Novice: 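Okay, handing you the structure first.
In this text the structure is predicted, and so the values were computed from the model without any measurement.
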Protein chains: 4
Amino acid sequence: MAGVNKPDPARRSERSRQAILQAARELVSEVGYAKVSIEAIAARAGVGKQTIYRWWRSKGAVVFDSFLALSEGGDASDGDGGSVVLPDTGDIEADLKTVMRATVAEFADPGFEAPIRALNLEIVNDPELAAQYRDKLAAPVDEAKKARLRSAQRAGQIAADADLDLALELLYAPLYQRWLLRSGPLTPQYADALVDLALKALRP
Amino acid sequence: MAGVNKPDPARRSERSRQAILQAARELVSEVGYAKVSIEAIAARAGVGKQTIYRWWRSKGAVVFDSFLALSEGGDASDGDGGSVVLPDTGDIEADLKTVMRATVAEFADPGFEAPIRALNLEIVNDPELAAQYRDKLAAPVDEAKKARLRSAQRAGQIAADADLDLALELLYAPLYQRWLLRSGPLTPQYADALVDLALKALRP
Amino acid sequence: MAGVNKPDPARRSERSRQAILQAARELVSEVGYAKVSIEAIAARAGVGKQTIYRWWRSKGAVVFDSFLALSEGGDASDGDGGSVVLPDTGDIEADLKTVMRATVAEFADPGFEAPIRALNLEIVNDPELAAQYRDKLAAPVDEAKKARLRSAQRAGQIAADADLDLALELLYAPLYQRWLLRSGPLTPQYADALVDLALKALRP
Amino acid sequence: MAGVNKPDPARRSERSRQAILQAARELVSEVGYAKVSIEAIAARAGVGKQTIYRWWRSKGAVVFDSFLALSEGGDASDGDGGSVVLPDTGDIEADLKTVMRATVAEFADPGFEAPIRALNLEIVNDPELAAQYRDKLAAPVDEAKKARLRSAQRAGQIAADADLDLALELLYAPLYQRWLLRSGPLTPQYADALVDLALKALRP
DNA sequence: CGATAAGCGAGACGGTACGTCCCGTCTTCCT
DNA sequence: AGGAAGACGGGACGTACCGTCTCGCTTATCG
């Protein structure tokens, strides 16, 4: 549990940890990731700077953990949780369009967009954070998506021998790229077109 | 010429400009983008800090321009130039695999990878730089790629009504994403698989 | 002029220098030397910390200079100034007692005592400051005292071949030691006894 | 035994006490008094910080005790001891010169000088330590010196009504001052001159 | 053609934040 | 209960850069 950045010998103050993560979250949404400083996080959390440096490697690690904690806190109560489930109406095309339109909508919401962009930025030049991101945040979602694709395979809507990782990239990478580089409009129509094209490629 | 960021009253010292761009390039490759400071650029270029602030908005703008100047210096002699040409053997599949394998190879070379990653990072949270990037660096290359695809359309290898921008994204975005997020291995086989899949989607 | 701690290339801001010295003086008398921090001086002076570090080696150096400036500012208007003059009634015993009783009184005044004690502390483990102290603060006073003793030599009240430096130490060192180590009461009677004893030693 | 700074309920660990004092001594001579920290002492002694704070008021108190323990350990075996005895050849002048030349030599030895300077520094702004210093370290030595002077009084070499405390100051304060402030050379000749002058003042 | 104003190097300046060192207090767990 | 261990909130350190601001000194244009 929690994004491990340094060894955690249990002597750690949970109260401080929570205060730091909350302060980080608040500050990122108030002033933007770039303008958040460790000093400010410590001050807001009512914590010595050393307490942050003791447990995290960098500002990026703190902010990352603060998001992580949020996503972990948000799921069901059944133990480890985080079991994402996607709609499965039997119609893979319709389901994918639903999901991808939702993603497009998320990217359009500045309240979502800004922190995620910051997170991605941090991930780009910190391989260790990137690994954590994949394992803790991306993996569960990707797994759910692949589960839906597998279901489509069983239904004969997608080639049985398709590489699902690649399929996922085919669907989502264009969207991700447009968003990150702002290289084109992100519309529901775009999402639909993407699904159509990708499904054509994946057809049996 | 060059991504102008501030008004340029011709009184500008070309010698200083070149020194600054070169210093920026050197420093980025020596210590990495994040650790480059405007002070360091000024010092290395033998230039007053003000001279940098006078002509560029930010560190990102300087570094960006330094890359831009490099790419502009490297192309053909015909004026503004930059006319990229891709191979056209008549076999779109073979040609795309050639080009994408080359891209994979570039991404694998740390000497190329590091500065490009820095550039992408800077672009991600500076829309203005992003626009410049698209116009000055990405556009010519994309245009060449689309030209090749158009040629394939004429040859009936690709659907005549295919959206070429989307086609380009389908081909390159997965590769870009894997590279940027380090979310998977970048191999020639991967490039090939991507081409196969994308072409299947684009088939008439 | 001014206690030189670093080279002074004239580009220096006199306004900042004065603000720093004044802030140092105020803080020392408000919270005591030990509790003064460079950070606090900078804040009070409305100055960046770097501006202090640029021109002074240490807190001790700043505080020292702040005292120095005071003593320099306090003397006559004739140029370099600082020409201390002691009473010369022709009676060396009476004159010395007057001067040493005054010194005793100074040491008894907490407003004087505290900063001087701090200054001495700083001097004790900083040979460079000690040298400055001797040259800029002690020397003029000592010179005046020796002038008075020389006058007494001419009047035949003191041996013509007496070592005046040693004579000064004989008179003042006991007083200094009692004050610094608090090893005994500092009274006018003590001053008188000291003068009597020293003069006996110096008699022709 | 030892300069007690806090109540001592006998539950105290002698092993820890010794380790702390030794660590303090070592560190002072290795890095200098100013750079010694309580944390460093605790770490070197293999002791919790609290154990130091429990038994001493301050770094100064620890260091002081560490010196004290050293001087107590060094003297004769008769219990509390510390009975210093000075040479008494019958010639007060010769004896004083011997003793004071020895003091000069001590001050010249950096191995002695540094810790004593540190000790004096600490004493200067801690009246409580100063009192302890006088009682435990200075008093025995001063008593021995006064004993020698008293013997000289009996021999008629020194005025019978001389104030011996003042006499001691007359002899030693100039030396102490020169050493502490580095205000002049400390040579055997200087010691001799001092004795000559002081004896002249003390003559019957 | 000489004044005059801009660009320029240099770098001081008021600031913010960094990451580190210690402070003195505290809590935990062991002996 | 004392002690080893060390986390904690906090204050200050000395450093790196930020972006702005003077300084003199070219230099290149225009009255």
Side-chain angles (χ1 to χ4, degrees), chain A residues 8-17 19-20 35-43 45-55 57-59, chain B residues 8-17 19-20 35-43 45-59, chain C residues 8-17 19-20 35-43 45-55 57-59, chain D residues 9-17 19-20 35-43 45-55 57-59:
Chain A
D8 191 330
R11 302 292 303 280
R12 175 171 192 177
S13 156
E14 183 60 18
R15 156 192 289 273
S16 294
R17 189 178 153 269
I20 289 164
K35 287 188 183 166
V36 171
S37 67
I38 290 196
E39 209 139 274
I41 296 175
V47 139
K49 280 200 286 178
Q50 202 61 45
T51 301
I52 298 185
Y53 285 110
R54 191 151 29 228
W55 303 111
R57 281 186 309 108
S58 63
K59 178 178 76 164
Chain B
D8 189 331
R11 294 288 294 272
R12 177 171 192 178
S13 155
E14 183 59 18
R15 157 194 290 272
S16 293
R17 190 178 153 271
I20 289 164
K35 288 189 181 164
V36 171
S37 67
I38 289 197
E39 294 221 339
I41 296 175
V47 138
K49 284 200 288 174
Q50 201 59 251
T51 302
I52 297 185
Y53 284 110
R54 187 151 29 230
W55 304 110
W56 286 276
R57 278 187 309 112
S58 64
K59 178 177 78 162
Chain C
D8 191 330
R11 301 293 303 278
R12 175 171 193 178
S13 156
E14 183 60 18
R15 156 191 290 273
S16 294
R17 191 178 152 269
I20 290 163
K35 288 188 182 166
V36 171
S37 67
I38 289 198
E39 208 139 275
I41 296 175
V47 138
K49 280 200 284 176
Q50 202 60 45
T51 301
I52 297 184
Y53 284 110
R54 193 157 19 233
W55 304 111
R57 281 187 307 111
S58 64
K59 178 177 78 163
Chain D
R11 293 290 295 271
R12 176 171 192 176
S13 156
E14 183 60 17
R15 156 194 289 274
S16 294
R17 191 179 152 271
I20 289 164
K35 288 188 182 166
V36 171
S37 67
I38 289 196
E39 295 222 339
I41 296 174
V47 138
K49 284 199 290 174
Q50 201 59 252
T51 304
I52 298 185
Y53 284 109
R54 190 154 24 233
W55 303 110
R57 279 187 309 111
S58 65
K59 178 179 77 164

Novice: Provide, to the nearest angstrom, the distance between the OH atom belonging to C/Tyr53 and the C1' atom belonging to E/dC13.
Specialist: 17 Å
Novice: Rounded to the nearest Å, what distance is computed from the CD1 atom of residue A/Ile52 to the C1' atom of nucleotide F/dG10?
Specialist: 13 Å
Novice: Looking at CZ of D/Arg12 and CH2 of D/Trp55, how far apart are the two atoms once the value is rounded to the nearest 0.5 Å?
Specialist: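 These two atoms lie 5.5 Å from each other.
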Novice: I need the NZ-C1' distance between A/Lys35 and F/dC17, as an integer number of Å.
Specialist: 17 Å
Novice: Quick check on DNA chain E: between A/Ser37 and D/Ser37, whose nearest nucleotide comes earlier from the 5' end?
Specialist: A/Ser37
Novice: Kindly write out the residues that satisfy side chain to side chain contact (heavy atoms under 4.5 Å, CB included) with D/Ser16, not counting sequence neighbours, or none if the list is empty.
Specialist: D/Ser13, D/Val47, D/Thr51
Novice: Could I get the full list of side-chain hydrogen bond (donor to acceptor under 3.5 Å, both in side chains) partners for B/Gln50, not counting sequence neighbours?
Specialist: none
Novice: What is the separation between atom CD1 on B/Ile38 and atom C1' on E/dG11, rounded to the nearest whole Å?
Specialist: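 Result: 16 Å.
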Novice: Nearest-Å distance, CD (C/Glu39) to C1' (F/dA12)?
Specialist: 5 Å
Novice: Can you tell me the distance, in whole Å, between the CZ atom of C/Arg17 and the P atom of E/dG14?
Specialist: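 Rounded to whole Å, this separation is 14 Å.
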Novice: Distances under 3.5 Å between protein N/O atoms and the N/O atoms of nucleotides 3-5 of chain F, please, pair by pair.
Specialist:
residue	atom	partner	partner atom	Å
F/dG3	OP1	D/Ser13	N	2.6
F/dG3	OP2	D/Arg54	NE	3.3
F/dG3	OP2	D/Trp55	NE1	3.1
F/dA4	OP1	D/Ser16	OG	2.8
F/dA4	OP2	D/Gly48	N	3.3
F/dA4	OP2	D/Thr51	OG1	2.9

Novice: As an exercise, state the distance from CD1 of B/Ile41 to CD1 of B/Ile20, rounded to the nearest 0.5 Å.
Specialist: 8.5 Å
Novice: Can you list everything that forms a side chain to side chain contact (heavy atoms under 4.5 Å, CB included) with A/Lys59? Sequence neighbours excluded, please.
Specialist: A/Tyr33, A/Val36, A/Ile38, A/Val63
Novice: In chain order, what residues pass the side chain to side chain contact (heavy atoms under 4.5 Å, CB included) check against A/Ala40, with sequence neighbours excluded?
Specialist: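 If we apply the side chain to side chain contact (heavy atoms under 4.5 Å, CB included) test to A/Ala40, skipping adjacent residues, the hits are A/Leu27, A/Ser37.
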Novice: Check the distance between E/dC23's C1' and D/Arg57's CZ and give it to me in whole angstrom.
Specialist: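 Checked: the CZ to C1' distance equals 16 Å.
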